[in-house]
Amino acid sequence: GENVEQHPSTLSVQEGDSAVIKCTYSDSASNYFPWYKQELGKRPQLIIDIRSNVGEKKDQRIAVTLNKTAKHFSLHITETQPEDSAVYFCAGLMNRDDKIIFGKGTRLHILP
Amino acid sequence: KAGVTQTPRYLIKTRGQQVTLSCSPISGHRSVSWYQQTPGQGLQFLFEYFSETQRNKGNFPGRFSGRQFSNSRSEMNVSTLELGDSALYLCASSLDNPYNEQFFGPGTRLTVL
């Protein structure tokens, strides 16, 4: 069935280092992949998204890469800061029924 | 613009009861989606409404239902509550199609005793 798998479930990185979160999807026709950030006690918010006609997209310290052949996409955060601590969700738009399916989330801890 | 609002913010119910949650989308947004959030399970898609019609549905039992009104406000109903229904229920609104950014509400925290 339709599925988006996300790894790791928890990630701790030293402040200033980079963090990478990876996701795979099952529907080969998927063509839209947003990433949401949810800070503790707050609502999820879109931070970046990518469509299948590009392989990479950057926005300041955040970048997302997409490999359609392998059906996986990744979020890269460089020069991490304390305010990056949050849960990050990847998602994929399943083309066959236009459903957005979310991964189970990655809790990112930025260590001082 | 005002953001997405949800009422109530907190609810405590007992098993077997039913509950109705409400979501008011951002003005001009016609799509409203509902998600169940539990620890370790992420955001599980319940259903999406667009122009008063259910456009998509997730893999939840028939006890979970919803509707959308002509002003795009949406309600979600859960009947015959079970302990496992305890969760944060989030709604999200977007302009019209799934490629648009979804704006989430603050959620309704439902506790079933």
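Below, each value reflects all heavy atoms present in this structure, side chains not excepted, and no hydrogens, waters or symmetry copies. Naming convention: chains lettered A, B, ... in sequence-line order (proteins, then strands); numbering from 1 in each chain.
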* Asked: Quick one: what part of Leu46(A) sits under 4.5 Å from any heavy atom of chain B, side chain, backbone, both or neither?
  -> both
* Check whether any side-chain heavy atom of Gln18(B) lies under 4.5 Å from a side-chain heavy atom of Asn77(B), and answer yes or no. => yes
* Asked: Side chain, backbone, both or neither: which part of Arg51(A) has an atom under 4.5 Å from a heavy atom of chain B?
  -> side chain
* If you measure from the Lys or Arg side-chain nitrogens to the Asp or Glu carboxylate oxygens, is any gap between Lys13(B) and Asp85(B) under 4.0 Å? -> no
* Asked: Can you say whether Phe103(B) sits under 4.5 Å from chain A via the side chain, the backbone, both, or neither, judging by heavy atoms?
  -> neither
* Asked: Is Met76(B) close to Cys91(B) at the side-chain level, that is, under 4.5 Å between some pair of heavy atoms?
  -> no
* Parallel, tilted or perpendicular: ring planes of Phe89(A) versus Phe102(A), cut at 30 and 60 degrees -> perpendicular
* What part of Phe45(B) is in contact with chain A, defined as an atom under 4.5 angstrom from a non-hydrogen atom: side chain, backbone, both or neither? -> side chain
* Heavy-atom proximity to chain B below 4.5 Å, by part of Gln38(A) -> side chain
* **Atom group of Pro44(A) that falls short of 4.5 Å from chain B, counting heavy atoms** => both
* Asked: Between the side chains of Thr20(B) and Glu75(B), is a donor N or O closer than 3.5 angstrom to an acceptor N or O?
  -> no
* Measure Leu43(B) against the heavy atoms of chain A and call it side chain, backbone, both or neither at under 4.5 Å. => both
* Asked: Given a strict heavy-atom distance threshold of 4.5 Å, which part of Gln37(B) is in contact with chain A: side chain, backbone, both, or neither?
  -> side chain
* To do: For Asn3(A) and Glu5(A), test the side chains for any donor-to-acceptor distance below 3.5 angstrom and give the result as yes or no.
  => yes
* Considering only heavy atoms from C-beta outward, does the side chain of Arg61(A) approach that of Asp84(A) to under 4.5 Å? -> yes
* Most contacts with chain B, counted as non-hydrogen pairs under 4.5 angstrom, among Leu93(A), Val87(A), Asp49(A) -> Leu93(A)
